[in-house]
Peer 1: 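Supplied in C-alpha cells, the structure appears directly below.
All values derive from a computational prediction rather than experimental measurement. Note that these values count all heavy atoms, side chains included, but never hydrogens, waters or copies made by symmetry.
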Amino acid sequence: MIETPSLVDQYCHGVLRTELGLGTFETQLARTEGPPAPGTTLFDTQTGFAVRRWCPPLLGLEPHCLPARYLARRRELGVLESGRRLLRGSGITTYLVDTGLPGDLTGPTELASAAAAEAREIVRLELLAEQVADTSGTVESFLANLAESVHGAAASAVAFTSVAGVRHGLALAPEPPGPGEVRGAAGRWLAGRRVGGELSDPVLLRHLLWIAAASGLPLQLHAGLGEPGLRIDRTDPVLLTDFVRATAGLGTDLVLLHSYPYHRHAAHLAGVFPHVYADSGAALVRTGARAATVLAEILELAPFGKIVFSSGAHSLPELHVVGARLFREALARVLGGWVAEGAWSLADAQRVAGLIAAGNARRVYGLE
C-alpha cells in the first residue's frame, strides 16, 4: 500500500463563510456560464460524484448518499462545524492560499484554524495591480507604487500567482516590455478604467510577470481549463515556452497550475526546463474516477521531483476533500500497479509518493 501521510496543497482558495442551499451549493461544483440545463444537475459530473463518495462519511453519513440528504446534514451541523470536519478529514497539513478570488472566503489564518493545519498566502499579481491602481493618481505613481507593492508582498508571501492566461491568453511576447511601452500601456489603462476594473492589457500583464520573476519567489501561472467563457486554446502551457526559456537562470521557479487537458504539455515543459514544475491537482478533481489515468499521463513525462500536488479548491471545503482523496487514490493506484508489475520497488514508489505529496512543494516554496 502506497501511503501519503501528509499533503501540502500548493494552490487553493479559502472557503465560503455562509450556509448554502441546494442550488447555490451546486453552482460551486463547477464554474459555468449559467445554471444547469433544465432537467440536469451538476451533481451528475465526476466532481459531483466524487463529493458524494468522499464527503458524507466525514459528516456521519454513508458514502454516495443523495445530495438533498447530504446538504440537510450539512445545515444541521452548521457551516463552521461541517467545514471543520471536512477540512480536518482531508489529510492536508499545509495550505498555500491564493487570496485573489472574489467573494466572502476565509483567508489563510482562518483556514488554518478551521483545518488545524498551516497556511501561507499566495499573492495574485493582477489583483495587487488593480488595488494599486485604485489608489494611484498618475501613471508615474502607479508604476512606482506597483513595484514597491510587489517588493513588499514578496517579504511575506510564499509565492506569486498570475491569471494572465485567463485575462488575455498565454501567447504573450516573452521579453520584458520597455519603460516607454509600460508607461504608454499604463496611461491608456488608467485613463479608461473605473475603480475595481480588471487588468487585461498584455503589456502590463507581461510587466507584472517580469517584476515577479525578479523577486525570486516561485511564480505560478494558470493554464488549461479555468473561468467560464475562457478560450481554452489560448491557455495551452506550450504557449509559454519562449517565456520559460527567457526566465531560465533568474533563480525563479515557474509552476504551471491546473493545465488540463494540456497536462502532458505542462509535464513536458517540467521535464525540459530545470526551473519549471507541473501541478497535478485540479485536473484530478475534474476527472474524478478517471483521475489515475490523468496522473499516469503526467508521470509519463515529468521528472518525479518536478510534480506538485494541489486541490485547486475554492469556496467549498468539499473540494479540498475531493482533491486530496482523489490524489491519494490515484497515486496509490498508479504507483501500486507499477510495483505489482515489478517495474518499481515498493521503496521507490513510497519515496516518489512522498515527493509529489509534500516534499517537492516544501522544497520549491521554502517550507522546510
Side-chain angles (χ1 to χ4, degrees), residues 7-33 42 47-48 50-51 55 58-59 71 74-75 77-90 92-131 134 153 156-163 166-167 195-199 220 222 225-228 230 257-258 279 281-282 285-286 309-324 365:
L7 297 176
V8 173
D9 187 345
Q10 64 97 36
Y11 183 81
C12 68
H13 302 276
V15 300
L16 288 166
R17 298 185 176 95
T18 53
E19 192 55 80
L20 302 175
L22 179 59
T24 50
F25 184 94
E26 187 174 353
T27 61
Q28 302 299 327
L29 290 176
R31 297 182 184 181
T32 64
E33 289 198 38
L42 291 175
T47 302
V51 167
C55 297
L58 297 176
L59 303 188
L71 291 176
R74 203 179 188 272
R75 288 192 297 272
L77 291 171
V79 66
L80 294 178
E81 177 61 16
S82 60
R84 186 187 69 83
R85 292 190 186 193
L86 290 163
L87 291 169
R88 296 186 182 193
S90 71
I92 297 170
T93 56
T94 303
Y95 295 85
L96 306 187
V97 185
D98 175 2
T99 54
L101 200 65
D104 185 24
L105 304 179
T106 55
T109 300
E110 197 174 348
L111 186 67
S113 177
E118 298 180 27
R120 299 285 300 277
E121 183 181 13
I122 299 167
V123 171
R124 184 174 291 206
L125 290 168
E126 291 77 13
L127 177 62
L128 184 65
E130 290 154 9
Q131 292 171 337
D134 287 343
S156 58
V158 72
F160 289 112
T161 193
S162 170
V163 289
V166 176
R167 298 287 180 85
V195 172
E198 288 191 348
L199 173 60
Q220 301 174 336
H222 289 244
L225 294 176
E227 299 296 325
L230 181 69
L257 294 177
H258 315 327
D279 171 37
V285 175
R286 287 182 177 271
F309 160 74
S310 78
S311 69
H314 62 89
S315 305
L316 300 179
E318 283 84 357
L319 297 180
H320 293 85
V321 172
V322 166
Y365 296 104

Peer 1: To check you understand the geometry: which heavy-atom pair defines the closest contact between Val15 and Pro317, and what is its length?
Peer 2: CG1-N, 3.7 Å
Peer 1: To the closest 0.5 Å, what do you measure between CZ (Phe309) and CD1 (Ile92)?
Peer 2: 4.5 Å
Peer 1: Can you name the residues that form a side-chain hydrogen bond (donor to acceptor under 3.5 Å, both in side chains) with His222, not counting sequence neighbours?
Peer 2: Tyr11, Thr161
Peer 1: Output yes when a side-chain donor or acceptor of Glu126 lies under 3.5 Å from a complementary backbone atom of Leu199, and no otherwise.
Peer 2: no
Peer 1: With rounding to the nearest 0.5 Å, note down the distance linking CG in Leu128 to CZ in Phe160.
Peer 2: 7.0 Å
Peer 1: Taking side-chain hydrogen bond (donor to acceptor under 3.5 Å, both in side chains) as the test, write out the residues that go with Asp9, two or more places apart.
Peer 2: Ser311
Peer 1: Please test Arg167 against Glu198 for salt bridge (charged side-chain N to carboxylate O under 4.0 Å, His left out), starting from the C-alpha separation and ending with a verdict.
Peer 2: CA-CA 9 Å; Arg167 298 287 180 85; Glu198 288 191 348; 3.6 Å; yes
Peer 1: Consider only side-chain N and O atoms of Thr93 and Glu118, and report whether a donor and an acceptor are under 3.5 Å apart.
Peer 2: no
Peer 1: Answer yes or no: is there a donor N or O on one side and an acceptor on the other, between the side chain of Gln10 and the main chain of Leu96, under 3.5 Å?
Peer 2: no
Peer 1: Please confirm whether the backbone N or O of Arg88 pairs with a side-chain atom of His320, one donor and one acceptor, at under 3.5 Å?
Peer 2: no
Peer 1: What pairs of residues pass the side-chain hydrogen bond (donor to acceptor under 3.5 Å, both in side chains) test when at least one of them lies in residues 100-117, not counting sequence neighbours?
Peer 2: Arg17-Asp104, Arg17-Glu110
Peer 1: Please determine which of Leu20, Leu105, Thr27 meets the side-chain contact (heavy atoms from CB on, under 4.5 Å) test together with Ser315.
Peer 2: Leu105
Peer 1: Search all heavy atoms of Leu7 against all heavy atoms of Ala324 and return the closest pair with its distance.
Peer 2: CD1-CB, 3.6 Å
